[in-house]
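Below: the structure, in structure tokens.
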Amino acid sequence: MDFNDTPQEAEFRAEVKAWLKANVPDQNQEVASAYSSRQNQAEALAKAKQWQAKKAAAGYAAITWPTELGGLGGTPMQNVIYADEESKYVVPRGFFDIGLGMCIPTLIKHGTDAHRQRYVKPALYGEEVWCQLFSEPVAGSDLAGIRTRAEKDGDDWILNGQKIWTSGAHHADYGIIVTRSDPAVPKHQGLTFFFLDMKSPGVEVKPIKQISGGRNFNEVFFTDVRVPDSQRLGGVGEGWKVSLTTLMNERLSAGRTLDADMVEFIAMIKTFTMEDGSPAIKNADVRGKLADWYAQGQGLKYTRFRTMTALSKGQTPGPEASIGKCVSASRSQDYAAFAMELMEMGGVVTDPDHSPQQGFFPESWILSPAMRIAGGTDEILRNIIAERVLGLPGDVRVDKDMPFNELPTGA
Amino acid sequence: MDFNDTPQEAEFRAEVKAWLKANVPDQNQEVASAYSSRQNQAEALAKAKQWQAKKAAAGYAAITWPTELGGLGGTPMQNVIYADEESKYVVPRGFFDIGLGMCIPTLIKHGTDAHRQRYVKPALYGEEVWCQLFSEPVAGSDLAGIRTRAEKDGDDWILNGQKIWTSGAHHADYGIIVTRSDPAVPKHQGLTFFFLDMKSPGVEVKPIKQISGGRNFNEVFFTDVRVPDSQRLGGVGEGWKVSLTTLMNERLSAGRTLDADMVEFIAMIKTFTMEDGSPAIKNADVRGKLADWYAQGQGLKYTRFRTMTALSKGQTPGPEASIGKCVSASRSQDYAAFAMELMEMGGVVTDPDHSPQQGFFPESWILSPAMRIAGGTDEILRNIIAERVLGLPGDVRVDKDMPFNELPTGA
Amino acid sequence: MNFDFSNEQKMLKDQARKFLQDQCSSTVVRQVLEGEMEYASHVWQEMAQMGWQGTCIPEAYGGAGLGYLELCVLAEEVGRSLAPIPFSSSVYLAAEALLSAGSEAQKSHWLPKLSSGEAIGVLALAEGAGAPVESHLQCQFSGGQLTGKKMPVLDGPLADVAIVVAKDGETGGVSLVLVDVADSSVQTEPLTTVDPTRPQAIMTFNNTPAECLGAPGKGWGLLTQLFNKAAVLLAFEQIGGADAALQMARDYALGRYAFGRQIGSFQAIKHKLADCYIKNELARSNTYFGAWALSTNARELPLAAATARVSATQAFEFAAKENIQTHGGMGYTWEFDCHLYYRRAKLLALSLGSALTWKNRLVDQLEQPSAA
Amino acid sequence: MNFDFSNEQKMLKDQARKFLQDQCSSTVVRQVLEGEMEYASHVWQEMAQMGWQGTCIPEAYGGAGLGYLELCVLAEEVGRSLAPIPFSSSVYLAAEALLSAGSEAQKSHWLPKLSSGEAIGVLALAEGAGAPVESHLQCQFSGGQLTGKKMPVLDGPLADVAIVVAKDGETGGVSLVLVDVADSSVQTEPLTTVDPTRPQAIMTFNNTPAECLGAPGKGWGLLTQLFNKAAVLLAFEQIGGADAALQMARDYALGRYAFGRQIGSFQAIKHKLADCYIKNELARSNTYFGAWALSTNARELPLAAATARVSATQAFEFAAKENIQTHGGMGYTWEFDCHLYYRRAKLLALSLGSALTWKNRLVDQLEQPSAA
């Protein structure tokens, strides 16, 4: 039992370190913050494209992909090592994760040689940005309940409907989309999967304002959007099977450990003073809660270490990764709320100049409800653990065999 | 808003007070403890029968029953007042609650005049003890899943099967029982309800040892037990409807408030010393938990006051009473566990001479799991609140229309 | 046993609910949220017409001279509607402070204005993050002048009159002091908070003319009594809000379908909402007991207020967060009203001090030899 | 990154599991529960044959001279099987105390006996309810003699040798002292506890001959180090038990039908068991980190031990109580094994001190400037 790289891993890490040192552009903080702000997204995207091209040329943009597709033919562990080392630098992130993590793998698996020739490389080099058009206002946890219609018209399909929660739709060049091509058959059987040009006439992208005030996602409306049949991925009616490929890739890329070490919380607790003038960290209530949350955080961190060990040994991590978000989202909501309680009347203040830790806790409190929902609600994740890890039966399904257009909708 | 009796209630309370003062037998503590111990049940039962006869003669044994059945024709509020006043004395309790609270009301509603003539008065006067034979090892929360068979044989029915969790079966003279008379129809339709002589040949009563070491319940085995058709309550196949009458009465008698004031816990906290020598009640962790549990307890207490107010105004309390047990069982498990934590290594000791509060907390800790199950599990009670109070839909029922003998059982 | 409101009180409550449904829907709340107006002044004015602000103010000072139980039922409805008005600041705190400690002149001057809604009062206590401590207050009252900074002050941007808790230069204790906010030495700077539907401010006093409310140096005791009363009233706002959040979640769970079923048919949702209901009912019962103690000025008030406050805070916060969760992704959009409850629940949870503080007060009471 | 046990260690674990399944089923646990035997002496003897008790004892003292990682995997299986044997007392505490602080003579005398299972060792610390405090111990060691009373002493009725934590008459500090329980001045009175599958005692010493283990007056520090090591090992017992309790609940949820369905198809059960699984996995990961710190004698040991102990305690207690709940009424019968886990979870939660104490130790470590 140790935390060391294997000799091969150590060698790879050294290569990565050297390459990053030589290639990461300036570390100016203003640029860094611009990377994540919507206001400066055009600039940030331009920077990100430059960086992505560099990574791709070096093979680091898709470490686990085969070399013939522009990858490095590397291991998932090498991927982790690269991410680990890259995270020590401020580089523009996030614009290509969905494209390379979900869209292109789906296209590689279900597309034609011509598709692969045309689309893989531009995506890898950051020249073309992809988004994923799955969720709909009426279909969240129940993704197979989507209603966006695709109707055949000659060699084209005509799309009508609405998608939601689409990250990056506003700067995407292409998107993958799952549609309902036949509402008269049971719901999993009537779906068909396409990719499309996001600049097609009839595609309208609107940002969604979240309760945090942020606008990180979009609604995308489709009005008589034409998609050539040649852009269909998988057979007509086989869209669910294709979607599962995408979702599988989503799961693999999830499972990050959120705030395992609770740096801000511990920093606050160490400096804060209670009503009776004693330091917060000497208060038994604070100590009890801090210990609980710390133990959970470390548990998540070392669970991730166990997953990485499995990766390092060439095993595939299972649905255990669902644990991470399930625990950390509620935990973050709870400790943010507790920190705000400690601040008493001042806990409501969001102005960073007037709130301990620059308003970290009120911000975390307003963000945390999203974390309990996005990427699988707490409830769905517990279902996944119960069914796929513990082997308990699925929920009773009343919708399995009924034609989609006969399912109750409340409408 | 006040806590006073209405003039009518005050008058009734005065009558009850005077009657109790004049009639309660000696208050010797040893006798009192004998009332509740299984070892001396014969003696306790004899005392209880005497006391019950006195109460019945005065009309207090069934305050809300009509006078023609031996009751007082009183209100539920008068019932509460009587119970309130009686609880100030040590009197033998518990032997007749099930009989008068559930069995006899079912017999009154579904039996014949002859039944009422024969059985009501002896039960009321404590001359005959009744028990309720519902749950089975395979049918707990899902009561309608019972399997004890009843087969017609001339003018009799032959019963075979097993019941469980039957309080007082070992000293009962009669029992009410729900049986399966037709396994080939859907489960709610194949049930038939009887009452029977517990001394019938083929009835065997065995105490169940609980994890607390107590033996407060029984298993009852039926081997070719003959019950005359004249002892059927309700029609053949209508046993479910009859059972619901019984269960409705059960709900009305439930909803006691368990340990709302946390006397033992507060007493312990006030006297206990923490590791650093400071009083437990000054410890912030202890204070926070004490406050939470106290607020829950008081919430239960005043919820009961609201229910009593509704009763006092002649309204019928709804399924809200389910709240009580739902909260108090877990709460009692939690604070018992916390008290044991405070006692550290000494917390495991059950010997009353060596455990704070005479071993109250370890005892409460071992009893509490039962409270989360008996009379409806936490899960079933939450279903009841969700469905009957909030109006949410029932669970999907796969067993509604299928013949009982085709339902999956895992066997 | 008559542990319930009277029929008249229930009628008043129904009227209040109807008025607020009509006049103070979430559209109005959102106007304040979006900064289109500072508070719902038209609602405030119409309430004043109906005499709500003066519910417990004697007729001699222009009030209705009713009892606390009437104010409790109004508070519940104000809480249910999330009304973006300074009701708690002006009515439960400023007017109550004047009523219990004001001189005849102070009462005669301010109560008719507060009662008619013409003036808005606030209480200024906090001086930044953390529990305000009697011996550590920086705001100083001396020689009839107040100097210092208070932050955050709930409804501060709307205030005409402020009751400020300040160190008393003469006695060395703490005094409540009355400040006419119109004075040019008072600076009011708006402050961003988690609930923009109730404006807050940093208030700065610079040799501001002020006068004592009640005996000099006795302010901390007055404040404690004031908070015990206000805690009960705020608990009614909280159970009103909690009830509304649960109702919203329930309605959504009935109307939203997934996997061919109403999501309210899944136990994960059913049991979550059952838990909400349980917390709400327990809080309601404790809050009723608080109302009884408040209306009868019972010696149980400090314990009853703390108990009501703790459980009402927990109930509203739980209902608000699980309402979002029940709504899933839609619950996280600005467009749905879920966040209005989430924000207000937090605001109410922290104004008057957090549940931590009130749990401490609750246990302080249990420590009394007479208790429990 | 190789954050896992080696293949050899996993093989040892599989063998241990198989041995305990065969030789130490719940039938054996129940024989102790029902008082038919004081402990599973035949299991103890067979373990000794396999060298378990001496896993970490050097070969020079008759042990196997293996590392702590090997002992960790054995501990997990002992925990899983609920083995009614004094493994933790004799191996994690008595033998470890001798190893870390014993003189050559003490080690030579006792370690071979402990290693072979011929002698059973215990640690006697508690003096009644409440956390033992260095400055308040009543048990007194002076002039080579020990006098006082310890309660409860886990496995006390089985003890051949006791390590007693006592006030040191000479230094005024606390010493660990070694007592041969065979001495006629030692009185051992059995004590009833929540888990009768592990006997406990009140041990009374009356001018009992005793000798210091380690430096006189330095006992409290030694005890702290000893507890950090033992906490990791006990955490392995706890995750073993938690895993078994979850497994039992899962199997029942699959086999039990209600409303025409497996009860494991209801979300109330599914999500409960998912929560169990989550707690178990987090605890397992923390416990692995504890194993790493223990086996490398890392400076992180105190924090790692406290973290492992806190989460393993919570996991086992939760799994044990929700296993009963999943079983419904049947889970409350003496006949089903659910209560065996419920009892053992509580016993392990409180031996070595409760989670409250370990949370305090965890935060003590976080308070160090170097931490977190």
Out of curiosity, A:R372 CZ to C:Y332 OH, how far, rounded to the nearest 0.5 Å? 12.5 Å
Which bit of C:R343 comes within less than 4.5 Å of chain A, counting heavy atoms only: side chain, backbone, both or neither? both
To the nearest 0.5 Å, what is the distance between CD on C:Q262 and OG1 on A:T409? 10.5 Å
Nearest 0.5 Å, please: how far is CD in A:E341 from CD in C:E317? 7.0 Å
Rounded to the nearest 0.5 Å, what separation is found between the CG atom of A:N283 and the CG atom of C:L356? 8.0 Å
Is C:I269 close to chain A through its backbone or its side chain, or both, or neither, when contacts mean heavy atoms under 4.5 Å? neither
Presence of salt bridge, A:D334 and C:K321, under 4.0 angstrom: yes
Set out, in order, the CA-CA distance, both residues' side-chain angles and the distance that settles side-chain contact (heavy atoms from CB on, under 4.5 Å) for A:I211 and C:I324, then state yes or no. CA-CA 10 Å; A:I211 79 172; C:I324 297 180; 4.0 Å; yes
Heavy-atom cut-off 4.5 Å, strictly under: side chain, backbone, both or neither for C:M330 against chain A? both
Answer with side chain, backbone, both or neither: which region of C:F266 has an atom nearer than 4.5 Å to a non-hydrogen atom of chain A? side chain
With a 4.5 angstrom heavy-atom cut-off, is it the side chain or the backbone of C:T192 that approaches chain A, or both, or neither? both
Checking side-chain contact (heavy atoms from CB on, under 4.5 Å) for the pair A:W365/C:V194: CA distance, chi angles, key distance, verdict? CA-CA 9 Å; A:W365 171 82; C:V194 296; 3.7 Å; yes
Which region of C:L125, side chain (C-beta onward) or backbone (N, CA, C, O), has a non-hydrogen atom less than 4.5 Å from a non-hydrogen atom of chain A, or is it both or neither? side chain
Begin with the C-alpha distance, continue with both residues' side-chain angles, and end with the deciding distance and a verdict on side-chain contact (heavy atoms from CB on, under 4.5 Å) for C:F259 and A:D395. CA-CA 10 Å; C:F259 305 102; A:D395 283 330; over 6 Å; no
